[in-house]
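A short write-up of the structure that comes next.
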Amino acid sequence: MKTDDLIETLAADLPAARPRQVERRLLLALCAGGLLVLLGVGLWLGFREDLGAAMMGPTFWIKAAYTGALGLVGFWLLDRLGRPGSAIRAPLTALAIVMTAATGFAAWEVVSMPEAERMPAVMGESARVCAPLILILSLIAAPFVFGAAQGFAPMRPGAAGAAAGLLTAALATTLYGLHCPEHTASFVMVWYSLGIALAVAGGAAVGRVLFRW
């Protein structure tokens with residue numbers, strides 16, 4: 001039996017889903033997971049002391065724009081991977097654009113600095129703990145996102161898990177920015193991205209088990 005015929009046979013007796021039902025459930029999961037991550041940041045790590053002043057400047061929002069863009073791409077990619085036969089070229093292209101733009105901006109920042117300032121800009125004051133903290137915060141939200149994504153029907157479980165990991169990590173990293181005072185693009189590109197990459201790799205491993213048919 002061909003794959004398309006198998007899918008049609010399996011879906012023949014299923015009730016029709018309401019439009020955007022799965023997306024709504026995923027958004028509700030993101031709200032619940034995000035609330036817990038926010039509580040974790042506030043009660044465990046603590047909000048940065050200059051948060052009010054930081055939110056008045058561009059750096060805070062540039063960091064949030066980067067992680068938020070990754071979250072939007074993760075949502076888009078997970079939605080496509082959860083629908084058998086849907087193309088994923090567009091979200092992958094968007095992901096490549098976001099990463100290329102962020103990398104280019106970080107590289108320009110480093111090159112334009114005096115040589116003595118480059119390594120401190122990359123390492124900041126929290127390089128050792130940044131990626132692990134992002135991974136831990138991602139784990140707080142992960143059960144909500146992966147639970148909601150079980151309503152999808154991915155034919156590539158590992159890729160779907162990676163997309164769910166990207167979405168979860170982007171959410172956690174955006175809220176982590178309420179605690180983290182690091183402000184250089186090079187730090188964000190290296191250490192924020194590393195934490196997100198760890199969550200993506202973990203998500204791929206979980207997805208291979210959780211999303212198997």
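All of these numbers come straight from a predicted model, not from anything done at the bench.
In terms of heavy-atom proximity, Ala94 sits nearest to Val73 at CB-CG2, 4.1 Å. Taking both residues in full, the closest heavy atoms of Gly203 and Phe146 are given as CA-CZ, 3.7 Å, listed atom of the first, atom of the second, then distance.
Note that the CZ atom of Phe60 and the CG atom of Leu51 stand 5.5 Å from one another [nearest 0.5 Å].
Applying the under-4.5 Å side-chain rule to Ile, Leu, Val, Met, Phe, Trp and Tyr, the cluster around Trp108 extends to Phe105. Clustering of Ile, Leu, Val, Met, Phe, Trp and Tyr side chains at separations under 4.5 Å places Ile88 together with Leu77, Leu81, Leu92.
Between the Glu182 side chain and the Gly124 main chain, no donor and acceptor come within less than 3.5 Å of each other. Listed for the Thr184 side chain is a donor-acceptor partner under 3.5 Å among the backbone atoms of Phe187. Looking only at distances, a side-chain donor or acceptor of Arg80 sits under 3.5 Å from a matching main-chain atom of Ala87.
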Could you pull out every donor-acceptor pair under 3.5 Å between side chains of residues 168-176 and any protein atom, sequence neighbours left out?
{"unit_1": "Thr168", "atom_1": "OG1", "unit_2": "Ala164", "atom_2": "O", "d": "2.8"}
{"unit_1": "Thr173", "atom_1": "OG1", "unit_2": "Ala169", "atom_2": "O", "d": "2.6"}
{"unit_1": "Thr174", "atom_1": "OG1", "unit_2": "Thr67", "atom_2": "OG1", "d": "2.7"}
{"unit_1": "Thr174", "atom_1": "OG1", "unit_2": "Ala170", "atom_2": "O", "d": "2.7"}

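Under the 4.5 Å side-chain heavy-atom criterion for Ile, Leu, Val, Met, Phe, Trp and Tyr, Leu133 and Leu39 are members of the same hydrophobic cluster. Under the 4.5 Å side-chain contact rule for hydrophobic residues, Ile62 and Leu72 do not share a cluster.
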**OP:** With side-chain contact (heavy atoms from CB on, under 4.5 Å) as the test, would you mind laying out the steps for Phe211 and Gln150 before giving the verdict?
**Re:** CA-CA 7 Å; Phe211 298 147; Gln150 284 189 293; 4.1 Å; yes
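The salt bridge (charged side-chain N to carboxylate O under 4.0 Å, His left out) contacts involving residues 121-142 comprise nothing, where partners must be two or more places apart or lie in separate chains. The salt bridge (charged side-chain N to carboxylate O under 4.0 Å, His left out) analysis of residues 45-66, with sequence neighbours excluded, yields the pairs Arg48-Asp50.
Remark: Thr59 engages no residue in a side-chain hydrogen bond (donor to acceptor under 3.5 Å, both in side chains) (not counting sequence neighbours).
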